[in-house]
Amino acid sequence: MDSRIEIGDKLDLEKIETRLSVYPDKEPDIYVSQVLDEGQEPERIFVAMPIKEGKVIPLSVGQGFYATFYTKSGLLRCEVEVMGRYKKDSLLLLEIEQKTGLEKVQRREYFRFECRMPIEYRILDQEEQEMLEAGNAYNADEEQLDWKKAVMLDLSGGGIRYVSAFQAEKNTMVQVRFGITMEDKTEVVYAYAWVLRSLRNQNNNSVYDHHIKFWRMDQGLREKIIRYIFHEQRRNRSKQLGMN
């Protein structure tokens, strides 16, 4: 067991989907657990059988997950595989094996929040892009804008990953809009971004994966997105623990 992980540390287990299902209302399966003991081999750890909505969930042997550990060193993330299920006295245990190196989240704005939510985007033409880069306002006719529908897969303070039916050129500038809800108040976010990658999805060749990086985002808006991410994380953890 890595020395940065200690017995008693909390962790989230997010199921690794081998097939992409593009449904805006579908949230990823995330389970709450806790480190209980070192495993039988150096890369293995015994953790509590996770709980969802107050019920114990017996995860399948061989299933892969993204594990996020809440440690004194900060958030540590890696891929793991369930190697076994056991019962010790009244405890139900999982033995998981680390499959990738632990990555530390260095800056909270770049922590990726996995989600499934609708988003719209549009590709800027050369004239608008040049004006924005020069710091000039561009008053576009809203009715003439070509907004395309997509599905956001993850969100951070630094950018977005989404899928859509259309490919975009690398280094293209886009504008995105999506809604965030906190305390029963919904706000539509508009942001500009650069396309870093736009590749055909390996599991579904009818859609393209897009990775975009926010451009010249106001710090107040970035902080608002970060607050939303932490709000949703807390809400999801409460749901997993059966508190809602």
Side-chain angles (χ1 to χ4, degrees), residues 1-21 23 25-106 108 111-117 153-156 181-184 203 226-244:
M1 183 169 71
D2 190 285
S3 61
R4 292 171 293 178
I5 298 175
E6 298 180 355
I7 294 173
D9 285 345
K10 304 293 184 183
L11 70 145
D12 291 339
L13 292 169
E14 177 188 334
K15 185 178 179 182
I16 298 175
E17 298 290 351
T18 57
R19 297 179 62 186
L20 180 66
S21 180
Y23 294 106
D25 298 328
K26 182 181 183 300
E27 296 183 352
D29 293 323
I30 301 177
Y31 306 98
V32 177
S33 184
Q34 185 176 21
V35 177
L36 298 180
D37 202 353
E38 295 184 5
Q40 299 174 354
E41 298 180 18
E43 299 299 319
R44 296 190 180 187
I45 304 172
F46 284 109
V47 302
M49 197 77 76
I51 296 173
K52 185 173 184 179
E53 297 178 353
K55 297 181 180 179
V56 175
I57 308 296
L59 302 182
S60 301
V61 174
Q63 177 65 57
F65 292 86
Y66 298 111
T68 303
F69 296 89
Y70 295 77
T71 76
K72 292 179 180 178
S73 301
L75 290 174
L76 300 175
R77 184 178 171 90
C78 68
E79 293 183 19
V80 301
E81 180 180 338
V82 177
M83 306 305 294
R85 303 189 304 190
Y86 307 94
K87 184 175 182 180
K88 183 179 181 180
D89 298 327
S90 60
L91 291 177
L92 297 175
L93 311 177
L94 283 179
E95 187 176 27
I96 60 175
E97 182 174 275
Q98 184 180 332
K99 293 298 184 181
T100 61
L102 284 166
E103 296 182 358
K104 185 175 181 180
V105 180
Q106 298 291 344
R108 64 194 183 110
F111 180 78
R112 294 189 303 111
F113 172 63
E114 306 285 342
C115 57
R116 298 291 188 277
M117 58 188 290
L153 299 182
D154 69 54
L155 171 67
S156 76
T181 301
M182 288 188 291
E183 300 177 352
D184 298 325
N203 299 314
I226 293 169
R227 287 198 301 272
Y228 167 74
I229 289 171
F230 279 89
H231 173 271
E232 289 298 292
Q233 285 179 315
R234 289 193 297 269
R235 188 175 68 87
N236 288 343
R237 286 179 63 82
S238 295
K239 287 169 61 179
Q240 299 296 327
L241 292 170
M243 296 172 62
N244 286 341

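Everything numeric in this text was worked out from a predicted model, so none of it was measured.
The CD1 atom of I96 sits 6.0 Å away from the CG atom of L11 when rounded to the nearest 0.5 Å. Expressed to the nearest 0.5 Å, how far CZ of R227 lies from CD of E232 amounts to 14.0 Å. If you take CG on L93 and CZ on F46, they are separated by 6.5 Å, rounding to the nearest 0.5 Å.
Screening residues 56-71 for salt bridge (Lys or Arg N to Asp or Glu O under 4.0 Å), with sequence neighbours left out, gives no hits. Among residues at least two apart or in separate chains, side-chain hydrogen bond (donor to acceptor under 3.5 Å, both in side chains) pairs with a member in residues 1-13 are D2-R4, D12-Y70, D12-R237.
Looking at every heavy atom in both residues, S156 comes nearest to I229 through CA-CD1, 3.6 Å. Between C115 and L155 the shortest heavy-atom distance is SG-N, 4.4 Å. Nearest heavy atom pair, residue S60 against residue V82, reads O-CB, 3.4 Å. In plain terms, the two heavy atoms of G84 and V61 that are nearest each other are CA-CG2, 4.0 Å.
Contact check on K99 versus E81 returns a salt bridge, with a Lys/Arg side-chain nitrogen under 4.0 Å from an Asp/Glu carboxylate oxygen.
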Show me the donor-acceptor pairs, under 3.5 Å and distance only, between side chains in residues 85-92 and residues at least two apart or in other chains.
{"residue": "R85", "atom": "NH1", "partner": "P58", "partner atom": "O", "Å": "3.0"}
{"residue": "R85", "atom": "NH1", "partner": "L59", "partner atom": "O", "Å": "3.3"}
{"residue": "Y86", "atom": "OH", "partner": "E95", "partner atom": "OE1", "Å": "3.4"}

Please list every donor-acceptor pair under 3.5 Å in which a side-chain atom of residues 37-45 meets a protein atom from a residue at least two apart or in another chain.
{"residue": "R44", "atom": "NE", "partner": "E97", "partner atom": "OE1", "Å": "2.8"}
{"residue": "R44", "atom": "NH2", "partner": "E97", "partner atom": "OE1", "Å": "3.3"}

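T181 pairs by the side-chain contact (heavy atoms from CB on, under 4.5 Å) definition with T186, not counting sequence neighbours. Residues meeting the side-chain hydrogen bond (donor to acceptor under 3.5 Å, both in side chains) test with T71, sequence neighbours left out: none.
Here the side chains of F65 and E14 are not in contact, with every heavy-atom distance at 4.5 Å or above. Put simply, the side chain of V32 does not reach to within 4.5 Å of the side chain of P50, judged on heavy atoms. Looking at Y66 and V80, their side chains never come closer than 4.5 Å, going by heavy atoms from C-beta outward. Inter-residue side-chain proximity for F113 and Q233 is flagged as met; some heavy-atom pair is nearer than 4.5 Å.
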- Evaluate salt bridge (Lys or Arg N to Asp or Glu O under 4.0 Å) for E79 paired with K15, printing each intermediate quantity in order. CA-CA 10 Å; E79 293 183 19; K15 185 178 179 182; over 6 Å; no
- Message: Applying side-chain contact (heavy atoms from CB on, under 4.5 Å) to L76 and E103, what does each step give before you reach the verdict?
- Response: CA-CA 5 Å; L76 300 175; E103 296 182 358; over 6 Å; no
- Check the pair L36 / I7 against side-chain contact (heavy atoms from CB on, under 4.5 Å), numbers first and verdict last. CA-CA 5 Å; L36 298 180; I7 294 173; 5.6 Å; no
